[in-house]
Amino acid sequence: MGAEEAGSGPALRELLREAETSLLECKVCFERFGHRQQRRPRNLSCGHVVCLACVAALAHPRTLALECPFCRRACRGCDTSDCLPVLHFLELLGSALRPGPAAPRAAPASPGVLTCQHAFGGWGTLVNPTGLALCPKTGRVVVVHDGKRRVKVFDSGGGCAHQFGEKGDAAQDLRYPVDVTVTSDCHVVVTDAGDRSLKVFDFFGQIKLVLGGHFCLPWGVETTPQNGVLVTDAEAGSLHLLEVDFPEGVLRRTERLQAHLRRPRGVAVSWLTGAIAVVEHPLGPGACSSTTVKVFSASMQLIGQVDSFGLSLFFPSKITASAVAFDHQGNVVVADTSSPAVLCLGKPEEFPVLKPIVTHGLSHPVALTFTKESSLLVLDSAAHSVKVYKVDWG
């Protein structure tokens, strides 16, 4: 009996080596499958399995179309999925093939990276909120939502300070506010998809300027360090810079910075470098309902770009970017409605160095911003609330 047991060890190890060669190896690049990043096994629509790195190499960079290298059946890179049997097999064989702890997955970081300090708003106080901004002078939080008064201003503790922007059809009313920003001199700028305009209020709610007829569908809005206003036009596929005399309520100059974007929505600017980030939501069969984050330098040169499929090389689930922001170190941070989560993509020149920073407690994050103290505010539309996280970048 002892001899049989002694002989079973080498036989089992040999069997496992054969299984590793025949089942746990990508037959395109002959690299071993794994849990991390490019080595994850992916099912093609025909049933064959290749690693994620080979899917990325075979897929067309724009349409993501590819042919199975074995049976030539056509599919798309974004239609592939994790091969769970192989992943589970890797877990079972891990300890037998490699003594010691199994290699970590490319999974979200531990929930301790960011801690939710408190939340404010809630149903009734906020109704289906869509945009979030901070007043740089007062630190107050401004949210646009679907309530009777569309703009809500909260103090730093989350108490409602005041509200304005009546729901209505008059020029100074707000029909369907999408996004909001607050300038350095405390003017509130709102994109209104209802009448396709940009509206400027002082901090107490008095209308200062209405810009109608300038945009096809204004969406994202952000203030630059020079107190200009960036606006994305989702229908025209463009990004605009506006120079406004806010106290006088006069538009001084407009400039179209980009003209060939694909349904741009969210926009952010780095106060450290002047870089501008835009989230695109392209349409069409090749888009696969993906999103793309593009980052431009202050001189509008493209310096970084990553889409949902590219991010899937580093994260095990689909990512749909709904909002973008820069932290104080110049890292690009996005809200993801698919997980849902908040993800740091790193600096544009290093794209993408993905680090999940919020992985629990969110339902449908649609906007985010950082305070001067580096706390992270996330607008959770499904929870009708603003959630405040303390940042610990580790």
Side-chain angles (χ1 to χ4, degrees), residues 18-91 93-94 103-108 260-263 279-295 302-321 332 334 336 338-339 343 345-346 348-356:
E18 290 180 6
E20 183 173 15
T21 301
S22 60
L23 298 176
L24 304 182
E25 186 181 81
C26 175
K27 298 305 180 184
V28 176
C29 64
F30 299 104
E31 294 287 342
R32 189 179 188 278
F33 291 129
H35 288 294
R36 295 179 66 84
Q37 301 177 2
Q38 293 97 330
R39 299 276 71 85
R40 292 182 72 84
R42 302 288 284 185
N43 290 313
L44 303 183
S45 56
C46 58
H48 288 109
V49 181
V50 300
C51 70
L52 192 54
C54 288
V55 173
L58 294 168
H60 188 280
R62 182 176 61 83
T63 66
L64 304 183
L66 62 90
E67 286 187 349
C68 172
F70 308 109
C71 67
R72 316 311 298 177
R73 179 172 172 179
C75 64
R76 291 182 296 179
C78 55
D79 292 332
T80 65
S81 60
D82 277 345
C83 183
L84 297 180
V86 172
L87 288 172
H88 294 160
F89 198 22
L90 283 168
E91 291 179 353
L93 298 183
R105 293 171 179 247
H260 302 291
L261 300 172
R262 299 177 299 167
R263 297 182 71 232
V279 179
E280 295 179 317
H281 291 246
L283 287 174
C288 296
S289 301
S290 66
T291 54
T292 301
V293 179
K294 289 183 177 178
V295 184
L302 184 66
I303 56 175
Q305 176 176 325
V306 65
D307 60 15
S308 296
F309 180 66
L311 289 174
S312 70
L313 295 171
F314 300 88
F315 200 65
S317 62
K318 178 184 176 182
I319 294 175
T320 304
V332 178
V334 296
D336 170 28
S338 293
S339 295
L343 311 170
L345 305 183
E349 60 272 17
E350 302 168 347
F351 263 12
V353 184
L354 190 147
K355 177 182 178 181

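Counting begins at 1 with the first residue of the sequence.
Partners of Leu58 by side-chain contact (heavy atoms from CB on, under 4.5 Å), not counting sequence neighbours, listed by chain and number: Leu66, Pro69. By the side chain to side chain donor-acceptor pair (under 3.5 Å) test, Ser45 is found to be paired with no residue, residues two or more places apart in sequence or in another chain being considered.
Here the side chain of Asp336 pairs a donor or acceptor atom with the backbone of Thr320 at under 3.5 angstrom. Listed for the Glu280 side chain is no donor-acceptor partner under 3.5 Å among the backbone atoms of Thr292. Judged by distance alone, the side chain of Ser308 and the main-chain N or O of Ile319 form a donor-acceptor pair under 3.5 Å.
Closest heavy-atom contact between Pro41 and Gly34: CD-O, 3.7 Å. For Ala321 against Val334, the heavy-atom pair with the smallest separation is CB-CB, 4.3 Å. In terms of heavy-atom proximity, Leu302 sits nearest to Gly304 at CD1-O, 3.6 Å. Residues Val86 and Phe33 approach most closely at CG1-CD1, 3.9 Å, considering heavy atoms.
Within the model, atoms SG of Cys51 and CZ of Arg42 stand 11.0 Å from one another, a figure rounded to the nearest 0.5 Å. Atom SG of residue Cys68 and atom CG of residue Leu44 lie 5.0 Å apart, to the nearest 0.5 angstrom. One distance of note links CZ of Arg73 with NE2 of His48; it measures 10.5 Å at 0.5 Å rounding. One finds the CD atom of Glu31 at 8.0 Å from the CD atom of Glu25 (value rounded to the nearest 0.5 Å). Annotation: the span from His281 atom NE2 to Arg263 atom CZ amounts to 7.5 Å, rounded to 0.5 Å.
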